[in-house]
Every structure is written in C-alpha cells, then in structure tokens.
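Here's the structure we're looking at; comments come further down.
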Amino acid sequence: MSPFFGMGHPEAVTLLSSEPLPDLGRMQSERLMLLQQRMADQAVAGAVLLHGPHVAYATGYVTSAVDSTHAVHDRAVAIIGAQGPAHLFANDPPPALIAETHLPLSPELDESIPELADALRMVIDGRDRPRIAIDELTGAMLRSGLFDDFDTVDASRVLGPARLLKTEDELACIDRAQRINEVAMEEVRGFCVPGTRRSQLAAVFVNRVRELGVEDILIDPIFQPMPKNRSDPPRTSTGHVAFPTGVGDPTFAEGDVVWVDTGIDVEGYASDYGRTWIVGREPNQAERTLFARWAAVMDASLRAIRPGATLAEVARAATKADGGLRPWLPHFYLSHGVGVESAEMPMIGTDLGYSFDENFTLKTGMVLVLEPVTWEDGVGGYRAEEIVAVTEDGWRPLGGQPGYSPFDT
Amino acid sequence: MTDQLMAARRQRVQTAMAEREIQALVLGRQDNVGYATGMRRLWTSGTRPFGAGCVLIGATGRAHLLSSWDSGVPESVPFDDLYPLTWNPEIMGGAMKAIEGLPTAHRIGVDACSPGFIRAASRFAPKAEIVPCDDLMADVRSIKLDEELDLIRRACQVAWAGVNAVLDQPKHELPLSLALTATTNQGATIPSSKPIVRFDGNATIVDIGVIVDLYEGGVGGRFVDGHREGNPHLAGACRDGATHDDLAASATGRWLVRGLGMGYETPVLDPTRGRDCTLRTGMVLSVTDGDHRDVVAVREGPPDVLSVNSRTVAGS
C-alpha cells in the first residue's frame with residue numbers, strides 16, 4: 001500500500017490544517033518579487049494584467065466568483081513596473097494589500113482608455129518601444145492604438161514561470177481550500193441518492209462551503225452520470241468519453257456511476273476535488289477492479305514524483321501500472337498544476353507531446369493534481385483526484401485525504 | 001430557448017459582419033459564442049484568457065466551435081465543424097488554418113485579443129487585418145428579440161424565488177443559504193453577481209442575480225414586512241432617447257444602469273461612465289438605485305418592467 005492510501009481516514013477529515021495559516025502580506029510581496037524577477041529575465045519593462053487570476057497573483061486582490069460578463073465589466077486591472085509596488089485599479093480594494101491602489105479602470109469602454117494611458121505612463125516609460133507583457137487586449141484597447149508603440153508579449157510568459165513554484169503561503173492556501181472542499185463534498189455524497197437532481201447536490205455543496213467560510217465557487221458543481229462505453233453519446237473527437245460537459249440537470253438513478261468535480265477559492269487559490277460515486281448501491285466487483293487499477297496508477301505516479309524527475313517519467317510510470325494503457329482522458333492529462341487557476345502548469349500527458357514532457361523537470365514547490373482515469377468498456381470508468389506538492393525528498397499531500405468511499409482503500 | 005431564436009441571433013451577427021466587411025469573426029467571450037450559436041459550456045467563474053471559442057465565416061455561413069464533443073453544441077453546428085480542445089498552439093493554428101474562409105480572410109473580427117493570438121493569426125491568415133468587433137457584438141445584442149424578453153423575465157422569476165425565500169423565513173440564521181437553495185432548486189446553480197442579504201433595523205436588503213438558460217435575471221430591494229420599499233424614478237426614466245443627464249437627475253442613491261441579456265452587457269451608465277450614451281427602444285437594462293434593482297425593457301413611453309414578482313402579481 002502506498003503512503004497515500006495509508007492516510008485515508010474518512011472520519012479524520014478536518015479543517016485543522018497541519019499547514020501554518022498563510023501569511024498574506026508575505027505571500028503578496030514574495031509573489032511580486034518572483035514576478036519582477038521573471039520580467040527582468042525577459043527584458044519586460046512592464047506588465048498590464050486584466051485576467052482575474054493574474055491580478056490576484058500580482059496584487060493580492062481577489063475578485064468575487066461571478067459570471068464572466070460581470071468579471072469583465074467590473075474587472076480589476078494591475079500594472080506592474082520593473083520595480084516598485086504593484087499598482088491596482090479596482091473598486092473597494094481591501095485595506096491589507098501591499099499594492100498601491102487607485103480608482104478602477106474600465107478597459108472595455110472606449111471612454112476609459114485615456115485613463116488607462118495615464119495609468120500606464122505612471123509606471124512604464126514609453127520611450128524606445130519597451131517590451132510589455134499583457135494578457136488581454138480589449139476591443140477598446142485595440143481601437144485606441146495605445147499599445148502600438150510597445151513590443152507586446154503574452155503575460156503568461158512572465159506569469160507562467162513565476163507561478164510554477166509555490167511559496168509556503170501559496171501551498172497553505174491550496175491546502176486549506178482543498179480541506180474545506182473535501183469536508184463539504186464528503187457531506188454531499190450522502191445526498192447522492194436515486195431521484196436526486198444535480199442542482200440539488202449543487203445547493204447542498206454551495207451552502208456547506210459557505211458555512212465553512214468560503215463564498216466563491218469557481219466552477220458549476222459537476223455531478224455527471226457517466227456512460228458505460230466509450231462509444232456511447234455524446235460523440236467526441238477523441239473516441240473516449242466527454243467530461244466535464246457541464247450541461248443539463250440530470251436526475252440520478254440507482255446504479256449510476258457519477259463523476260464529481262468541484263472547486264472553490266481561498267485567497268485566490270483553487271481547490272480541485274474529484275471522485276467517482278455510485279448511486280444507491282455498493283460498487284460491484286468489476287467497478288472495484290477498476291478502482292484497484294486506478295489505485296495502482298496513483299501509487300506508481302506518486303512513486304515517480306521527486307525533484308529532478310521529468311513529467312515523462314511520471315507518465316511512463318502511470319502507463320506501465322495500467323498495463324501499457326494511458327490511464328487518463330486523452331483531451332486532458334494525467335496531471336495538472338493548481339494555483340490561482342484550477343488547471344495550470346505543469347501538465348503531464350497533454351497533446352503538447354512527449355518531447356514537452358521529456359524536457360520538463362519537476363522542482364520543489366510545484367503542485368500536481370493527479371487525475372488518472374481507468375476504463376473498461378461495459379463497466380465504465382473510475383476517476384478521482386489528489387493534490388500533492390513536490391518536496392525536497394519527494395512529495396507531500398495537500399488536503400486531508402478523505403478516502404474514496406464508496407470504494408474501500 | 002428555441003431553434004428560431006438561435007437562428008435569428010446568428011443571422012443578426014452574420015448581417016452585421018457583412019455590413020462591416022468582416023469575412024471571419026473570432027469570438028473568445030463565451031457569452032458572445034452563446035449569442036451567435038446557442039452553445040452551452042461548463043460555467044466557470046471570472047475572466048477567461050482569450051482564445052478562439054468560435055469562428056464564424058461570412059462566405060460559407062458556417063459556425064465553427066471549440067469543443068471536443070457534441071454535448072452543449074446546437075444542432076445547427078455539425079460535428080465536422082467542431083475543433084477540439086488543445087493545449088498545443090501548433091495544433092490550434094492547424095485547426096484555424098483548416099477552417100474554410102479563415103486563412104483567406106482580409107478582415108478578421110475579434111471580440112477581444114491577445115499578443116499571442118495576433119502572432120498566431122499572422123501565420124494562419126497572413127493577409128488579414130485584425131479588426132476589433134466587440135462593438136459589433138454589443139450593438140447586435142443590445143436590442144432584444146421578443147423571445148429574449150421572455151427568457152429574461154423567466155430568469156428574473158428565479159431571482160425572485162431567491163428573494164422570496166429570504167423574506168419567508170425572516171429569522172433564519174443563514175438567509176443567504178435560503179436564497180441560494182431556492183434559486184439552485186430551480187436549476188440556476190450559478191449566481192451571475194455576488195448575492196447580497198443584509199439587515200438594517202427592521203429592513204432586509206436583498207439583491208440576487210442568476211443565469212438561467214444563458215440569460216440573466218436579477219432583482220434587488222429593501223424590504224420591510226415583506227414589502228419592497230420605494231419605487232425609484234430611475235427605472236421609469238429609462239425611455240427611448242434618455243441621456244446620462246436624464247438618468248442622473250432621476251437617481252436618488254448610488255446608481256448603475258447597464259445592459260442585461262446574456263449576462264452583463266453594454267451600455268454602462270453610472271455617475272462617471274456613459275456620459276455620451278443614449279437609451280434606445282429594445283434595450284434591456286438592469287437599473288440599480290441604492291438598494292433597489294429592477295430589470296426593464298426600454299420603450300417609447302414607460303419601460304416594461306421584466307422583474308415583476310409573480311407572487312405579488314398573483315396576490316394583488
């Protein structure tokens with residue numbers, strides 16, 4: 001048995017984290033330093049950030065989890081120079097931020113572009129066609145020509161490398177988000193009975209999470225009854241199953257195999273809880289066999305994780321453990337990172353290809369969400385997710401490891 | 001949502017493309033994709049990085065959608081017109097190149113953009129000029145079709161269900177949970193805006209926004225003994241031809257008048273924004289004045305209030 005499964009005690013799920021509580025001020029200043037280092041590495045004179053997770057990373061300002069249209073029109077903007085404080089343009093920023101705060105900008109609107117230009121000049125010297133990192137050009141920004149005199153590059157070029165290695169405070173945020181998510185979902189599981197609708201489970205989840213002090217749900221809670229065969233509808237481009245479709249409000253029937261997936265936000269950091277539940281009955285022998293295969297894949301993957309290992313080594317270990325099959329959904333990955341976004345680098349086993357995986361080396365501070373899938377046509381699939389942080393001597397779990405009920409571990 | 005509505009919306013977009021001489025329109029914002037095609041996708045909160053979620057081609061009249069499966073894809077888009085999710089920019093570039101009419105386009109419209117997309121477009125459509133078309137989509141969307149009004153009314157009813165649940169149990173410890181349970185049980189598992197419930201003396205202040213069937217509904221108010229206080233003039237001032245000055249003169253508190261349809265839309269008017277905007281018949285607006293919020297459709301005369309509480313109507 002792997003060390004991971006040895007820790008699985010449903011009754012032991014607790015909010016009392018083994019992690020120290022995050023020091024938010026320290027987290028903000030360390031992230032800004034990392035970002036400005038990456039900017040210096042690539043001769044980037046400034047960054048203009050409109051994407052919520054980027055703004056959160058650079059300034060500590062976390063927007064509410066609202067519809068994308070609201071997020072766009074009410075968005076916060078961050079402008080970062082080569083040195084000095086982060087500049088945040090937002091409505092009602094909380095007082096504890098180390099960023100310098102300013103009145104909000106509305107980069108969706110043509111009328112607000114002069115204010116954006118002023119803000120830019122405050123931080124970035126526009127002479128000699130400086131290179132700036134930017135994550136989105138709105139229609140108004142394009143029309144204005146404001147950025148024509150800059151050498152613009154995608155902001156992910158500087159934010160990606162900065163975000164890859166998590167500080168202790170970032171890890172503590174992920175750990176806390178994951179524990180709260182787990183506690184809520186372990187309770188929701190009891191409501192997943194024949195005749196219940198997805199929306200009813202979503203209501204239980206949303207409310208339990210709120211009781212635990214978290215307001216922000218990052219993803220419409222997924223409780224998706226899965227087909228038994230890869231060829232069953234919906235039709236896919238991969239020949240494997242479609243997940244997560246996020247469409248409809250299915251009513252669960254006895255025997256349904258339901259893949260669940262939820263995510264919440266703590267201080268800008270995402271959790272990611274995935275499990276396979278069975279409605280109204282115990283798993284049968286064939287389903288237990290699928291789970292045993294999944295557990296073997298998880299075990300083998302974990303054993304391969306250590307600083308210096310390549311992503312390809314982890315993928316190979318997982319594949320070998322499932323008898324040469326690639327035990328993950330072909331449109332996704334064996335594993336992805338998590339941080340200010342629910343899925344970020346490093347990703348293992350994507351269509352970036354083998355050479356990408358071969359050339360990417362794990363380092364201490366990276367976070368992996370392993371989400372293997374084992375499949376047998378006629379039976380269905382088992383899918384669950386676990387989060388680990390790469391440590392100097394291997395890895396450690398983030399979250400409270402609540403187990404895999406109704407599957408025994 | 002009927003096929004007729006989806007077809008009518010798509011036709012409006014295609015017509016606007018032709019008027020602006022846009023041969024291909026690349027949409028990254030999911031609400032624009034939903035408007036142009038009727039596609040439904042897993043809801044995730046907040047902003048998304050720009051990527052080609054949908055490509056509309058003028059010459060072929062086809063809509064190409066980013067999806068690895070046909071779930072959530074309307075019947076009007078055949079499976080062969082889907083291009084799958086990818087992490088690999090080379091594969092995405094290849095998918096763009098394979099769309100008939102995109103590599104040969106001279107003017108490619110976009111609803112937003114990124115430096116990476118501009119570089120990629122220079123490879124898959126080397127002759128093309130990138131033209132901002134957020135305003136094209138905003139203009140088309142701002143004037144609502146009749147069925148859209150019905151969908152917004154229905155979404156407002158779901159928002160009211162949340163408000164009524166709070167008012168029905170005034171002593172409940174977790175009033176927000178009541179609201180969210182009520183809206184979620186009507187299938188609206190996602191809020192559109194941050195839900196608000198707070199108490200001020202004997203008054204309960206509630207504001208709920210939801211997305212139902214891709215359309216937004218919302219309502220807010222200050223309630224005493226279950227009745228909403230005040231009847232601000234701001235909503236009534238939302239008539240054809242009304243200007244920023246007209247609205248500012250009618251507002252009594254902190255105010256916001258903004259487009260509402262498939263979420264938050266333009267125009268946006270508040271004390272500092274939208275000074276050059278004029279309201280037009282057919283716009284639908286979320287009208288907030290202090291704690292009070294209604295959704296109205298602009299008319300020549302008094303606006304149609306779409307956020308009518310059906311319970312009040314039934315009881316009156």
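Letters go in sequence order (proteins before strands), and every chain restarts at 1. Treat the numbers as computed from the prediction; the structure is a model and nothing was measured.
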Taking it one step at a time, do A:R157 and A:D154 satisfy salt bridge (Lys or Arg N to Asp or Glu O under 4.0 Å)?
-> CA-CA 6 Å; A:R157 276 178 47 172; A:D154 273 334; over 6 Å; no
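- With chain A as the partner, the residue from B:I118, B:T183, B:T272, B:L176 showing the most heavy-atom pairs under 4.5 Å is B:L176.
- Between B:R41 and B:G53, the shortest heavy-atom contact is NH2-O, 4.1 Å.
- Between the side chain of A:D261 and the backbone N or O of A:I222 there is no donor-acceptor pair closer than 3.5 Å.
- Interface remark: A:Y333 contributes side-chain atoms only to the contact with chain B (heavy atom separation under 4.5 Å).
- No other option in A:E108, A:R75, A:E211 has as many heavy-atom pairs under 4.5 Å with chain B as A:E108.
- A donor atom on one side chain and an acceptor atom on the other are found under 3.5 Å apart for A:N207 and B:T181.
- Neither the backbone nor the side chain of A:A133 comes within contact range of chain B, judged by heavy atoms closer than 4.5 Å.
- Using a 3.5 Å distance cut-off with no hydrogens or angles, the side chains of A:S342 and A:D272 do not pair a donor with an acceptor.
- Ranked by heavy-atom pairs under 4.5 Å with chain B, the list A:S237, A:A202, A:A155 is led by A:S237.
- Interface residue A:D351: backbone and side-chain heavy atoms are both found under 4.5 Å from chain B.
- Salt-bridge formation is not detected for the pair B:E148/B:R141: no Lys NZ or Arg NE/NH1/NH2 atom is positioned less than 4.0 Å from an Asp or Glu carboxylate oxygen.
- Ranked by heavy-atom pairs under 4.5 Å with chain B, the list A:H54, A:E341, A:M347, A:Q200 is led by A:M347.
- For the residue pair B:S177/A:R210, the side-chain donor-acceptor check at 3.5 Å is not satisfied.
- Ion pairing between a basic and an acidic side chain is recognised when a charged N comes within 4.0 Å of a carboxylate O; A:R197 and A:D249 show such pairing.
- When each of B:R40, B:R48, B:R29 is scored by its heavy-atom pairs under 4.5 Å with chain A, the top score falls to B:R29.
- Heavy atoms of A:V153 lying under 4.5 Å from chain B belong to its backbone as well as its side chain.
- Residue contact with chain B, scored on non-hydrogen atoms closer than 4.5 Å, involves the side chain of A:S64 exclusively.
- Among B:P132, B:P89, B:P115, the residue with the largest count of heavy-atom pairs under 4.5 Å with chain A is B:P115.
- Of the residues A:M141, A:E136, A:E115, the one that meets the side chain to side chain contact (heavy atoms under 4.5 Å, CB included) test with A:P107 is A:M141.
- Residues B:Q186 and B:V210 fail the side-chain proximity criterion, which asks for heavy atoms closer than 4.5 Å.
- Contacts between A:T245 and chain B at a heavy-atom distance below 4.5 Å involve backbone atoms as well as side-chain atoms.
- A:N229 places no side-chain N or O within donor-acceptor distance of the main-chain N or O of A:D232, the cut-off being under 3.5 Å.
- Ranked by heavy-atom pairs under 4.5 Å with chain B, the list A:I219, A:T138, A:V206 is led by A:I219.
- Residue contact with chain B, scored on non-hydrogen atoms closer than 4.5 Å, involves the side chain of A:D74 exclusively.
- Of the two parts of B:P267, neither the backbone nor the side chain holds a non-hydrogen atom closer than 4.5 Å to a non-hydrogen atom of chain A.
- Ranked by heavy-atom pairs under 4.5 Å with chain A, the first of B:T44, B:V268, B:T189, B:I211 is B:T189.
- Interface residue A:I217: only backbone heavy atoms are found under 4.5 Å from chain B.
- For A:D151, the part sitting under 4.5 Å from any heavy atom of chain B is the side chain, from C-beta outward, and nothing else.
- Interface summary for chain A: among B:R275, B:E216, B:R273, B:Q30, the most heavy-atom pairs under 4.5 angstrom belong to B:R273.
- Exactly one residue among B:L27, B:D81, B:T37 makes a side chain to side chain contact (heavy atoms under 4.5 Å, CB included) with B:L65. That residue is B:T37.
- The pair B:R20-B:D135 meets the salt-bridge criterion, with a side-chain N (NZ, NE, NH1 or NH2) lying under 4.0 Å from an Asp/Glu carboxylate O.
- Proximity to chain A (any heavy atom under 4.5 Å) is shown, for B:L85, by both the backbone and the side chain.
- A donor and an acceptor atom, one from each side chain of B:D31 and A:T69, are nowhere located under 3.5 Å apart.
- Ranked by non-hydrogen atom pairs under 4.5 Å with chain B, the options A:P244, A:G248, A:P233, A:G263 are led by A:P244.
- Looking at B:L82, neither its backbone nor its side chain comes within 4.5 Å of chain A, counting heavy atoms on both sides.
- Between chain A and the residues B:G263, B:C113, B:S114, B:A112, the largest count of heavy-atom pairs under 4.5 Å involves B:C113.
- Between chain B and the residues A:R198, A:R235, A:E111, A:H51, the most heavy-atom pairs under 4.5 angstrom are made by A:R235.
- For B:R119, the part lying near chain A is the side chain, with the backbone staying farther off; criterion is any non-hydrogen pair under 4.5 Å.
- Heavy atoms closer than 4.5 Å to chain B are found in both the backbone and the side chain of A:V66.
- Under a 4.0 Å N-O distance rule, the pair B:D270/B:R258 does not qualify as a salt bridge.
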Can B:K194 and B:D207 be said to form a salt bridge (Lys or Arg N to Asp or Glu O under 4.0 Å), step by step?
-> CA-CA 8 Å; B:K194 194 178 164 76; B:D207 189 287; over 6 Å; no
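- For B:V110, the part lying near chain A is the side chain, with the backbone staying farther off; criterion is any non-hydrogen pair under 4.5 Å.
- For chain B, no part of A:F150 is nearby; none of its heavy atoms comes within less than 4.5 Å.
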